[in-house]
2 protein chains.
Amino acid sequence: MPPHSRTAARPMRADARRNYDRILAAAAEAVAEHGAEASLEEIARRAGVGSATLHRHFPSRQLLLEAVFRDKVEALCATAAGLAAEPDPGQALANWLGAVARHVVTNRGLAASLMRGAHDGDPSLGATCHTMITDAGADLLARACRANAVRRDVSITDLLKLVNAICLAVEHEPDGAAQADRLLTLALTGVHPKAGSSWATG
Amino acid sequence: MPPHSRTAARPMRADARRNYDRILAAAAEAVAEHGAEASLEEIARRAGVGSATLHRHFPSRQLLLEAVFRDKVEALCATAAGLAAEPDPGQALANWLGAVARHVVTNRGLAASLMRGAHDGDPSLGATCHTMITDAGADLLARACRANAVRRDVSITDLLKLVNAICLAVEHEPDGAAQADRLLTLALTGVHPKAGSSWATG
DNA sequence: GCTTAAATGGGGTGGCCCTCCGGTTCTGTG
DNA sequence: CACAGAACCGGAGGGCCACCCCATTTAAGC
């Protein structure tokens, strides 16, 4: 869904489109500063828009977050597509999960948004980013599975849940990015000493 | 700190103690229903107490949560002490982490509370449960480490962060307990197929 | 330019957290 | 028992928030 049309039938009015864009920009700023719980009223204020207008364009917080993060998530999906040609499927999956973690850690609110999208699976309520990323990862996992690099009983939902959980856990720490990478590698390789060291997430 | 004394010097007045207990009971109910974000005003209402009284007894939400969960955390620490005599140190650690996960999943708000306690390490602001559990686990980890069952570069903070993160991620799902157990086992053993299957978290 | 449907935003409602302060209740001392 | 002082209480109020209603404004198509 391109951001500047409502349905295929009727295009948005010019002023509505302008306000939509302003709200989105203001929301990106505010979320970067205050995370997923940023005040909607402040976003409206920054956008120079009444609060009712914000609620009309984005009936729920989740929908607004989805719109804010859509392009980042698309970039992640593109990364997945690029990694699909890697020679080592297991490494490709690990790399991608690491990339996801890096995106999630550096974009405050993304983790909360993706996880919120996860449990209410209704796309009309704003789970599209979650499904996009799930679909993108599913291929990488399938390839890794065929190459016998990953257990059969692991689903892409499991792995992404792990990534999100880790990122959420370290979100408020100063060295979040480093910790997330460490914990993700740990989770992928396990705690046992002789576990393979070939699972770096770079 | 026993709940019915303020300092060693002066005991609490009878009415204050009564209100303290009522608030705690009401908070336990409310948190069980609505999680760590339960409304403080509703807790005061249920306890039949003015909101000011609640804030006087528990100056911050975190302190209230700590009080609510203190006995559960103590039980967990006792479990750790009991497991310290297990023949297989690695298994003992895994079992305990599983027990932690089970407690955290079945007590809404505990995960958020422990994690909040984690990043502001100031005990006066309510990080005591976090440090209690960390200390209890440290021994189990040290033993497992000496038995060469766990990598040297893994800290108990890492492991508990993992457990908490997983529980937080599955908190809003219907089969949370089962998922948490699955994901924890996955994180401990790693995703590779030939990883040891001896790391069940039962 | 004019009509009309779409879009707007100020203001209201109800909720939340937290603090102040006048009134109340307990406690131990005379 | 009576009482004074300290400890404690809780309603009221301020600041902030999400969300909705509806009179008013504005863009789009003729």
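Worth knowing before you read on, the calculation uses all heavy atoms, side chains too, and leaves out hydrogens, waters and symmetry mates. So you know, we letter chains A, B, ... as the sequences are listed, proteins then strands, and number each from 1.
A salt bridge is absent between A:Arg108 and A:Glu29; no separation between the charged side-chain nitrogens and carboxylate oxygens falls under 4.0 Å. The pair A:Glu42-A:Arg46 meets the salt-bridge criterion, with a side-chain N (NZ, NE, NH1 or NH2) lying under 4.0 Å from an Asp/Glu carboxylate O. Ion pairing of B:Arg61 with B:Glu41 is absent here, as no side-chain N (NZ or NE/NH1/NH2) approaches a carboxylate O to less than 4.0 Å.
Phosphate contact (OP1/OP2 of D:dC17, side-chain N/O of A:Arg45, threshold under 4.0 Å): present. Considering only side-chain N and O atoms, A:Thr53 lies under 4.0 angstrom from the phosphate OP1 or OP2 of C:dG9. At least one side-chain nitrogen or oxygen of A:His57 sits closer than 4.0 Å to the OP1 or OP2 atom of C:dT8. Phosphate contact (OP1/OP2 of D:dC16, side-chain N/O of A:Ser39, threshold under 4.0 Å): absent. Side-chain nitrogen and oxygen atoms of A:Arg18 include none within less than 4.0 Å of the OP1 or OP2 phosphate oxygen of D:dT26. Remark: B:Arg56 is not in phosphate contact with D:dC8, judged by side-chain N or O atoms under 4.0 Å from OP1 or OP2. Here B:Asn19 reaches the OP1 or OP2 of D:dC9: one of its side-chain N or O atoms lies under 4.0 Å away.
Heavy atoms of B:Ala52 sit under 4.0 angstrom from at least one base atom.
In this structure, B:Glu37 and A:Glu41 both approach DNA chain C, and ranking their closest nucleotides by distance from the 5' end singles out A:Glu41. Toward the 5' end of DNA chain C, the nearer of the two residues B:Glu42 and B:Asp15, judged by each one's closest nucleotide, is B:Glu42.
With hydrogens and angles ignored, a donor-acceptor pair closer than 3.5 Å exists between the side chain of B:Arg13 and the base of D:dA7.
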